[in-house]
Amino acid sequence: MFALSDTHLPDPDRQAEFYAGVPTKRALAWVVDTILIALITAVIVPFTVFTALFFLPLLYLLISFTYRVLTLAGGSATPGMRLMNVVMLTRNGERFDLATAFLHTLGYTLSIGTLLVQILSGFLMLTSARGQGLTDHILGTVAINRPR
């Protein structure tokens, strides 16, 4: 699979192929996931007799959070990430469990709520050796191209 370093993750210098294009793929995966979450939200609204329209942003946030936690816990990648052949790993090189998926989603949700934090996270993804965003740096997680 890949040679493990002291962090149990592929070395970005010796195994750059695991990180090649991942920030772009994560951005495209985010677009796919956002569209899917919007569609799920749109399907749910009529079942609330359209009262959900009064709290639509909150409903969208709840669906987004649940979608991300469950899909990250279920396969260490959201459907968008799977489409882009990206997988998330813990600092130990393992796939996400429910707790890690929850913490990663919580960090993501908090970061999208603040423009400066979003910008910092994007900057880190583009400039760090492993392409990690702010939440990834805090948790020690990483997104890599799915090993074949």
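Computed from a predicted model, the values in this text were never measured in an experiment.
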Quick test of your reading of the model: are Asp136 and Arg26 salt-bridged, counting only N-O distances below 4.0 Å? yes

Side chain to side chain contact (heavy atoms under 4.5 Å, CB included) for Ile144 and Leu89? Distances and angles first, verdict last. CA-CA 8 Å; Ile144 64 168; Leu89 299 176; 3.4 Å; yes

Minimal non-hydrogen separation, Val87 against Gly75, with atom names: CG2-O, 4.2 Å

Using side-chain heavy atoms (C-beta onward) and a distance below 4.5 Å, is Asp33 in contact with Pro79? yes

With hydrophobic residues grouped by side-chain heavy-atom distances under 4.5 Å, do Leu70 and Ile63 end up in a single group? no

Please check: side-chain N/O of Gln15 versus main-chain N/O of Pro10, any donor-acceptor pairing under 3.5 Å? no

What distance do Arg82 atom CZ and Thr71 atom OG1 have between them, rounded to the nearest 0.5 Å? 6.0 Å

Reported CG-to-CZ distance for the pair Leu124 and Arg130, which is rounded to 0.5 angstrom: 14.5 Å

Side-chain (Ser128) to main-chain (Met125) donor-acceptor, under 3.5 angstrom: no

With a 6.0 Å cut-off on the ring centroids, do Phe65 and Phe102 count as close? yes

Is there a donor-acceptor pair under 3.5 Å between the side chain of Thr114 and the backbone N or O of Val117? no

Judged by atom type as modelled, is there a donor-acceptor pair below 3.5 Å linking the side chain of Glu94 to the main-chain atoms of Thr90? no

Is the closest side-chain heavy-atom distance between Phe47 and Val43 below 4.5 Å? yes

Counting neighbours of CZ on Phe123 that are heavy atoms of other residues, nucleotides or ligands and sit closer than 6.0 Å, is the number greater than 12? no

Output the distance between atom CD1 (Ile40) and atom OH (Tyr67), rounded to the nearest 0.5 Å. 6.5 Å

Rounded to the nearest 0.5 Å, what separates atom CG in Leu106 from atom CG in Leu110? 4.5 Å

Could you check whether any side-chain heavy atom of Thr105 comes within less than 4.5 Å of a side-chain heavy atom of Leu72, counting everything from C-beta outward? yes

State the CG-CG distance between Leu83 and Leu28, to the nearest 0.5 angstrom. 9.0 Å

Verify the distance criterion only: is there a donor paired with an acceptor across the side chains of Tyr19 and Asn145 at less than 3.5 Å? no

Whether the side chain of Arg95 engages the backbone of Ser76 through a donor-acceptor N/O pair (distance < 3.5 Å, no angle test) should be reported. no

Below 4.5 Å, heavy atoms only, C-beta onward: do His104 and Met88 meet side chain to side chain? yes

Looking at residues at least two apart in the chain, or sitting in another chain, which of them share a side chain to side chain contact (heavy atoms under 4.5 Å, CB included) with Leu116? none

Could you pull out all residues at least two apart from Ser64 that satisfy side chain to side chain donor-acceptor pair (under 3.5 Å)? Arg68

Is the backbone N or O of Ser111 less than 3.5 Å from a side-chain atom of Gln118, with the two atoms forming a donor-acceptor pair by type? no

